[in-house]
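Following this message is one structure expressed as structure tokens.
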Amino acid sequence: MRASVALLALLSLSACRWIATGSPTPLHPAPSNAVQYVDACAPACTDSLDIVAMGVAGFLVVPWQDTTRLVLAPPMFTNPTVPWLVFGDLLFGTRPDTAQISKRLAAMPAANAERLGRVQAVLVGHGHYDHLLDLPPLVPRMPRARVYGSETVRNLLAPVGTLSDSMRVAVDTLAALNGARTGQSIVVSELIALRAITWAHAPNIGSITIAPGHQGTPRRTLPRTVHGWQMGTPYAWVVDVRRTPDPASAVAVRVVYHDAAADADVQRRAAEVIAALPAAHATVVIITAANFDQANAYPDVLLAHLEPQHVLLGHWDDFFRSSDKEERVVRGTNAEALVRRITPFIGHRWSAARAGTVTRVRW
């Protein structure tokens, strides 16, 4: 009750920011189910990696050399509205919209049932509802997948019967912190290795971060309201895809992913970790549009250090609005200001993908 009242007060105080939602035109989103190419080929392309946008901060990573072991960042399809979050959530709770999940997945051939069945690793940045609410009904579609995240994420998902203890992996003791503490590699396949990096979450409104707590013990039931999905410790992720299965093989593509904006010091420490890793032929960074201006120098520091070949905008679509309605940019986000922010560091080497769009990195 107190959480909903507090949320209502915060939304009222910041109505201009959170009621307003803009056109996605400045972001020039790629059409759904289109394929856009990022070429890092010298002298000719011999292999590729697909990054499939799935909605909000959801992405599916598909290395074409081995499509049997894939990596997923959880998508969001349910999209409860602001009025529902303020009033309906308190009275009735918020549950995944399984019909909408099935409908959205059916419209994404690049993330079809066969591919979801091959997902080996699910990477969770933090535990808020817009990243975890729709994951439990997706788990049966991914029977081989381990879910990696904080101890909070592990405990939040404890009631999911199809997700055993061994399939919920807390990475708190494995995660990197800075250039001196680079963490441990998590091997997914002969081609793919993961690394968690301690990250942060910018405030949602003013200096307030919604649901900032931790879940210290395994839950018996899934959270009834969105406020029960606690943030926990946030993590960024590095997904390294090697050229060949040989352990000594060079990293062909490095995907750097996070699902929340973070301040300059956090970005700098993450860049130190990545600099300490073996060099990659090409780097793609997936940044977060939501609340980008609530963090100091975001994503300036990360982009300046990593100098990626391409930047994908994640978390740009309005997840407070039904996906059946006209597409809008997430509330509180000035799309033109975001473009102005990233252009000095990346030029035109960026894109915003609609759900279903494939970004194919070729080398």
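Throughout, numbering of the chain's residues begins at 1 and tracks the sequence.
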| said: Is it the case that the ring center of H348 lies less than 6.0 angstrom away from the ring center of H28? | reply: no
| request: Identify the heavy atoms of Q230 and H227 that sit nearest to each other, and give their distance. | output: NE2-O, 2.7 Å
| task | Compare every heavy atom of I192 with every heavy atom of R69, then report the nearest pair and how far apart it is. | result | O-CD1, 3.5 Å
| field | Residues K325, D318; criterion salt bridge (charged side-chain N to carboxylate O under 4.0 Å, His left out); working and verdict | value | CA-CA 10 Å; K325 293 186 175 181; D318 187 5; over 6 Å; no
| said: Taking side-chain contact (heavy atoms from CB on, under 4.5 Å) as the criterion, tell me which of V188, D50, D47, L49 meets it with P63. | reply: L49
| request: For R118, look at atom CZ and say whether over 12 heavy atoms of other residues, nucleotides or ligands are found less than 6.0 Å away. | output: yes
| field | Cluster link L133 to V139, ILVMFWY, side chain under 4.5 Å | value | yes
| Any donor and acceptor pair, going by atom type alone, linking the side chain of N79 with main-chain N or O of S322 inside 3.5 Å? | no
| Among T288, I286, I342, the one residue meeting side-chain contact (heavy atoms from CB on, under 4.5 Å) with L313 | I342
| said: Walk me through whether T78 and D134 qualify under side chain to side chain donor-acceptor pair (under 3.5 Å). | reply: CA-CA 7 Å; T78 296; D134 286 351; 2.5 Å; yes
| query | So which heavy atom on A193 is nearest to which on S185, and how close? | reply | CB-OG, 3.5 Å
| query | Should V71 and Y257 count as side-chain neighbours, where that means a heavy-atom distance under 4.5 Å? | reply | no
| field | Atom CZ of R181: over 12 foreign heavy atoms under 6.0 Å | value | no
| W199-H258 aromatic ring centre distance below 6.0 Å | yes
